[in-house]
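Taking it in order: structure first as structure tokens, then the write-up.
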Amino acid sequence: MKIDGVHYRTIWVADDGWSIEVIDQTKLPHAFQTVRLRSADDAARAIKDMVVRGAPLIGATAAYGLCLALRDDASDATLNEAYQMLAATRPTAVNLKWALDEMVKAVKPHGHSVRVDAAYAAASKICDDDVEICRRIGENGLKIIRGHAEVKPGKTVNILTHCNAGWLACVDWGTALAPIYMAHDAGIPVHVWVDETRPRNQGASLTAFELGRHGVPHTIIPDNAGGHLMQHGQVDLCIVGTDRTTATGDVANKIGTYLKALAAFDNDVPFYVALPHTTIDWTLDDGVAEIPIEQRSAREVTHITGRTDAGEIVTVEISAPGSAAANYGFDVTPARLVTGLITERGVAAATREGLLSLYPERR
Ligand SMILES: CSC[C@H]1O[C@H](OP(=O)(O)O)[C@H](O)[C@@H]1O
């Protein structure tokens with residue numbers, strides 16, 4: 001996406017031809033800085049510390065993490081060790097394992113002397129494919145937004161989203177936000193209710209940053225406000241992302257998504273999930289029982305980082321000292337609450353048959 005006229009992806013090979021540069025998302029929205037990754041450890045730390053985050057971008061970063069490991073030593077032992085280390089960084093986003101498996105398939109057949117080139121080529125393809133996949137998700141989601149615009153001609157289409165599933169969560173475009181960018185660029189009047197998304201505030205910090213830079217009208221709301229807005233007819237549809245969706249359409253996404261889906265269901269508000277095929281876990285049927293839910297540090301709940309009026313970036317404690325805090329990173333929305341799955345191949349019902357209609361090769 002463009003920032004101040006410059007087109008950025010979230011991850012790229014640096015000008016030295018081998019190290020990896022990423023946007024440091026822990027510094028946004030108050031500073032736009034990049035970080036250089038020079039080892040698999042650097043890549044793992046960037047994923048774990050959420051310097052990079054979002055299922056597709058986590059996968060892309062892990063892919064380049066394997067490239068960096070192989071530069072030092074292209075042996076199977078190093079490949080396996082780096083795979084295991086990167087795979088252990090964050091458990092919920094299935095793109096992580098998908099990307100690592102793609103890299104192993106691309107590298108393993110080759111002799112050591114060509115493995116590094118094969119790895120960088122494979123990682124680059126993962127990134128290029130993600131850009132095109134997300135662009136197509138945007139096109140398919142645009143049709144849905146256009147449909148809502150047609151039933152209220154000249155009026156604004158109000159869309160609620162949760163967390164950040166924009167270009168910052170992917171390599172470019174995004175998933176849930178791609179249709180919104182395309183609708184805005186097509187002249188359809190859209191407005192986005194942006195869930196702040198506690199505790200890491202990816203909505204207030206990242207989605208609002210993205211939409212603001214693209215000129216898309218939006219309003220940041222507390223996570224608990226969405227149901228009220230839906231009750232009062234102020235939400236035409238919801239579009240969110242996902243970190244892992246089962247073969248039956250159960251959707252793991254940022255904590256709070258499930259509650260939003262319940263409110264949408266109760267108010268007859270269409271609830272869409274935008275995802276690439278790389279986020280579908282075909283091995284799972286029951287998302288609530290089977291999808292691993294990351295638990296992060298209590299400090300992310302008890303403390304918050306922001307900018308003072310004087311422009312200083314500070315972290316402060318916002319809770320009663322000594323109180324325990326639980327920090328579940330994701331929840332699972334059962335398929336019955338999902339209106340449709342917006343993929344690069346079209347929009348499917350959140351069912352096994354719906355997904356297989358788009359991905360018949362999975363039968
Ligand atoms: C397109 S994946 C976006 C997805 O990832 C976010 O989680 P996190 O910021 O912790 O990586 C959130 O669940 C988004 O919906």
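Below, each value reflects all heavy atoms present in this structure, side chains not excepted, and no hydrogens, waters or symmetry copies. Here the structure is a predicted model, which means the values were calculated and not measured. Note that ligands are numbered from 1 as they come in the structure, with each ligand's atoms numbered from 1 the same way.
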Element-labelled atoms of ligand 1 that are located less than 4.0 Å from some non-hydrogen atom of Arg90 | 8 (P), 10 (O), 11 (O)
For ligand 1, indicate whether the residue Ala176 contacts it via side chain, backbone, both or neither (heavy-atom separation under 4.0 Å).
-> neither
Can you pull out the closest protein heavy atom to atom 2 (S) of ligand 1? Residue, atom name and distance to 0.1 Å, please.
-> Ala55 N, 3.2 Å
Between His162 and ligand 1, does any nitrogen or oxygen pair lie at a separation below 3.5 Å?
-> no
Closest protein heavy atom (residue, atom, distance) for atom 1 (C) of ligand 1 | Thr175 OG1, 3.4 Å
Quick note on ligand 1: atoms under 4.0 Å from a heavy atom of Asn164 include exactly 3 (C), 4 (C), 14 (C)
Of Gly54, Cys170, Ala93, the residue with the heavy atom nearest atom 11 (O) of ligand 1 is Gly54
Residue Thr242 vicinity, atoms of ligand 1 by number, heavy atom under 4.0 Å | 2 (S)
Answer yes or no: is there an ion pair linking Glu139 with Lys143, defined by an N-O contact shorter than 4.0 Å?
-> no
Atoms in ligand 1 with a heavy atom of Gln202 nearer than 4.0 Å = 8 (P), 9 (O), 10 (O)
Is the backbone of His110 close enough, under 3.5 Å, to the side chain of Arg115 for a donor and an acceptor to pair up by distance?
-> yes
State the atoms of ligand 1, each with its element, that fall below the 4.0 Å cut-off from a heavy-atom position in Ala169.
-> 1 (C), 3 (C)
Output yes when Asp42 and Arg38 qualify as a salt bridge under the 4.0 Å nitrogen-oxygen rule, no when they do not.
-> no
Arg296/Glu294 salt bridge by N-O under 4.0 Å criterion | yes
Interfacing atoms of ligand 1 (cut-off 4.0 Å, heavy-atom, Arg53) | 6 (C), 9 (O), 11 (O)
Could you check atom 12 (C) of ligand 1 against the protein and tell me its nearest heavy-atom contact, residue, atom and distance included?
-> Cys163 SG, 3.4 Å
Could you list the atoms of ligand 1 found under 4.0 angstrom from a heavy atom of Met50?
-> 9 (O), 10 (O)
Would you mind checking if Asp250 and Arg244 are paired as a salt bridge, meaning a charged N to carboxylate O distance below 4.0 Å?
-> no
Heavy-atom nearest neighbour in the protein, as seen from atom 13 (O) of ligand 1, with distance rounded to 0.1 Å | Asp243 OD1, 2.6 Å
Which residue supplies the protein heavy atom nearest to atom 15 (O) of ligand 1, what is that atom called, and how far is it?
-> Asn253 OD1, 2.5 Å
Is the NZ or CZ atom of Lys2 positioned over Tyr8's six-membered ring, under 6.0 angstrom from the centre and within 45° of the axis?
-> no
What do the steps show when you test Asp236 against Lys152 for salt bridge (Lys or Arg N to Asp or Glu O under 4.0 Å), and what is the final call?
-> CA-CA 10 Å; Asp236 295 301; Lys152 49 187 298 188; 2.9 Å; yes
Of the options Thr161, Asn164, Asp195, Asn201, which is the one that meets Thr207 in a side chain to side chain donor-acceptor pair (under 3.5 Å)?
-> Asn164
Check each of Ile133, Asp129, Ile342 against Pro276 using the side chain to side chain contact (heavy atoms under 4.5 Å, CB included) test, and report the only one that passes.
-> Ile133
Ion pair present between Glu150 and Arg146, side-chain N to carboxylate O less than 4.0 angstrom?
-> no
Counting each atom of ligand 1 from 1 as listed, which ones have a heavy atom of Pro56 under 4.0 Å away?
-> 1 (C), 2 (S)
